[in-house]
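First the structure, in the form of structure tokens, and then the observations on it.
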2 protein chains.
Amino acid sequence: MTLSNKSTKKNTTQQKHPHYVDCDNCSMQAICQPIGSDNQAIDLTNNYLTRRVEVSAEQSSLLPKTPSTCPTLFDQASPLTAIFAVCSGTFKLCQKNDAGIEKIVGFRFPGELMGEDALFLERYNYSAVALGDNSVCEVFVEPLSACSQLAPELQQNLIQLLTKQSYEQQRNAHAITGKKSADCLLAAFLLNICQRNAKHSGSESVFELTISRQDIACFLGIRRETLSRLLSKFQHEQLINLNGKQLTLLSLNQLKKLANL
Amino acid sequence: MTLSNKSTKKNTTQQKHPHYVDCDNCSMQAICQPIGSDNQAIDLTNNYLTRRVEVSAEQSSLLPKTPSTCPTLFDQASPLTAIFAVCSGTFKLCQKNDAGIEKIVGFRFPGELMGEDALFLERYNYSAVALGDNSVCEVFVEPLSACSQLAPELQQNLIQLLTKQSYEQQRNAHAITGKKSADCLLAAFLLNICQRNAKHSGSESVFELTISRQDIACFLGIRRETLSRLLSKFQHEQLINLNGKQLTLLSLNQLKKLANL
DNA sequence: GTTTAAATTTGATGTAGATCAATAAAAGAG
DNA sequence: CTCTTTTATTGATCTACATCAAATTTAAAC
């Protein structure tokens, strides 16, 4: 187990999110494990890594709830200081275009990265907002860069991480874009989020949907009314079941058929 | 000038594409220039780089014209051997999903990369097809990898290249996805391709459109009939002019307004 | 608990773009 | 050059989704 005592303590004080990701299933793994496979492995990670930092709505509970005090991990266009891996909870990634119109460009679940695509411009490409009480691992870029100059293996791992991310990014984009009908789009989305959460939620077909209808609709590029109608339709057709926030996919096969066609 | 004599010769024997990209404007630059800024710079590039390879429809002119003999640079799912930069011409990138439905996931213009996102899986994620008579620079991955083990600076440059690509990829995706109306989508697309070609075509508002209507429509996710109607509408509204393959954007401002809203 | 506000669902109607169908214009073949 | 095939444009209709509007549920505030 790679967690420090401090982190474990945090885990016991807050039980709302039982689904912490294993380090083994985390995309950050390439750069946050001690390098070298022998017994004399050096652990450089202390220089740049902080594990399980909480990012919660409660952090700012004393302040009035305005958009500016919402639980934002980092803001679009601000200078890159660290890249993050989600430990628990869900984040939404928002991007404003030149015209100032805000769009949700993605969601991040445990084991997934945020901010790593800012390494080029050294400014974040989107804002990351916590949906509920979340936690993240934080990798500070400056010391990471310094360490990777010294350790070729770390640098190699960083390349591996970046190429993997590039691939994942494209794959997720492809899962959504180019779907014609809204049915198709929604089916693809539901399958996508359940699959991405399968490893730590324990099931491929059950997921706690903390994302609001508004946010899902915005991400998919449809109206919330349309989304609502479709969810109802899917439920009537026994494709899914929605019980509060608990989403269950009842027929993976039928959903896949819908999503691919 | 960084081109070899051989390359320059090729340039004179084939005049159909006057718009070869400058190496200075090419995304491959980080890894295809001699490293070290001093006079004793070593040139490792001979080990893995071949400049200006032609990829043309004419290559296979003796064979019957079937889809299988079309000028494909590489095929989706085949093992990664090299990554490419476009020197001249236009490529379309096609991707088949699990259901076997083919989609155009992008176009590549001079100075842009192809196949670099295959470094993780070591298999190409899409097929690259030349539209007309094109040329590319070819970087063989195995020797590149070997060289980068020896030269930390090259490895650093490779990281830079990958992070830049990740950023560009996301930016281009964002330019297209999430646009509601087809007008908006088309305006964004026209601006995008003209901008990406501005440096080597010499103009931000003129572009030789070698891509077929079918391919554009497929990429944008609309029907060719709709595309046709929109192009006619744009022409009536004096937003663009189409003369054969010559596309001219008549009002960048109005197009931008259309694209952003 | 009650009250208020926000989020979600359901209903009625309008419109953008798909689909079907027919020309028209380019591009190849001989 | 003519003939054939492919690609692009224009027209008529149909449908999925957006939009406007109201009801209902859920969550937050007190």
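Letters A, B, ... are given to chains in the order of the sequence lines, protein chains preceding strands, and every chain is numbered from 1.
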Original post:
Nearest of D:dC20, D:dT10, C:dT8 to any side-chain atom of A:S228?
Top reply: C:dT8
**OP:** Using atom CD of B:Q235 as one end and atom C1' of D:dT10 as the other, report the distance to the nearest whole Å.
**Re:** 14 Å
Original post:
Nearest to the side chain of A:S181 - C:dA21, D:dC17, C:dT9?
Top reply: D:dC17
**OP:** Identify the heavy atoms of A:L227 and A:A217 that sit nearest to each other, and give their distance.
**Re:** CD2-N, 3.9 Å
Original post:
With a non-hydrogen cut-off below 4.0 angstrom, is A:D183 in contact with a base, only sugar-phosphate, or nothing?
Top reply: sugar-phosphate
Subject >> Length of the CG-P vector between B:L231 and D:dA8, whole Å >> reply: 10 Å
Subject >> Distance, rounded to the nearest Å, where B:L131 contributes CG and D:dT7 contributes P >> reply: 13 Å
Subject >> Over 12 foreign heavy atoms within 6.0 Å of CD, B:E204 >> reply: no
**OP:** Check the pair B:S135 / B:S88 against side chain to side chain donor-acceptor pair (under 3.5 Å), numbers first and verdict last.
**Re:** CA-CA 5 Å; B:S135 60; B:S88 63; 2.8 Å; yes
Subject >> Nearest-angstrom distance from the residue atom CG of B:D215 to P of D:dT6 >> reply: 16 Å
**OP:** List the steps and the verdict of side-chain contact (heavy atoms from CB on, under 4.5 Å) for A:T248 and A:N243.
**Re:** CA-CA 8 Å; A:T248 311; A:N243 190 351; over 6 Å; no
**OP:** Rounded to the nearest angstrom, tell me the gap between atom CD in B:E225 and atom C1' in D:dT13.
**Re:** 13 Å
Subject >> Closest non-hydrogen atom pair, A:F74 against A:Y126 >> reply: CE1-O, 3.1 Å
Original post:
Can you check the B:L186 CG to C:dA16 C1' distance for me, whole Å?
Top reply: 15 Å
Original post:
Using a cut-off of 4.0 Å on non-hydrogen atoms, how would the nucleic acid contact of B:L227 be classed: base, sugar-phosphate, or nothing?
Top reply: nothing
Subject >> Separation of D:dT26 C1' from A:L242 CG (nearest whole Å) >> reply: 14 Å
Original post:
With respect to the side chain of A:R223, which nucleotide from C:dA18, D:dA18, D:dA8 is positioned closest?
Top reply: D:dA18
Original post:
How would you label the contact of B:Q214 with the nucleic acid (heavy atoms, under 4.0 Å): base, sugar-phosphate, or nothing?
Top reply: sugar-phosphate
Original post:
Which comes earlier along DNA chain D counting from the 5' end, the contact point of B:I211 or that of A:A182, where each point is its nearest nucleotide?
Top reply: B:I211
**OP:** Nearest whole angstrom, please: distance from the C1' of C:dA7 to the CD1 of A:I216.
**Re:** 13 Å
Original post:
Counting only distance, no hydrogens or angles, is the base of C:dT19 paired donor-acceptor with the side chain of B:R224 under 3.5 Å?
Top reply: no
Subject >> Listed nucleotide nearest any side-chain atom of B:R229, set D:dC20, D:dT9, C:dT19 >> reply: C:dT19
Original post:
Which nucleotide sits closest to the side chain of B:I222: C:dT8, C:dA18, D:dT19?
Top reply: C:dA18
Subject >> Closest to the A:T226 side chain, choosing from D:dA12, D:dC17, C:dA27 >> reply: D:dC17
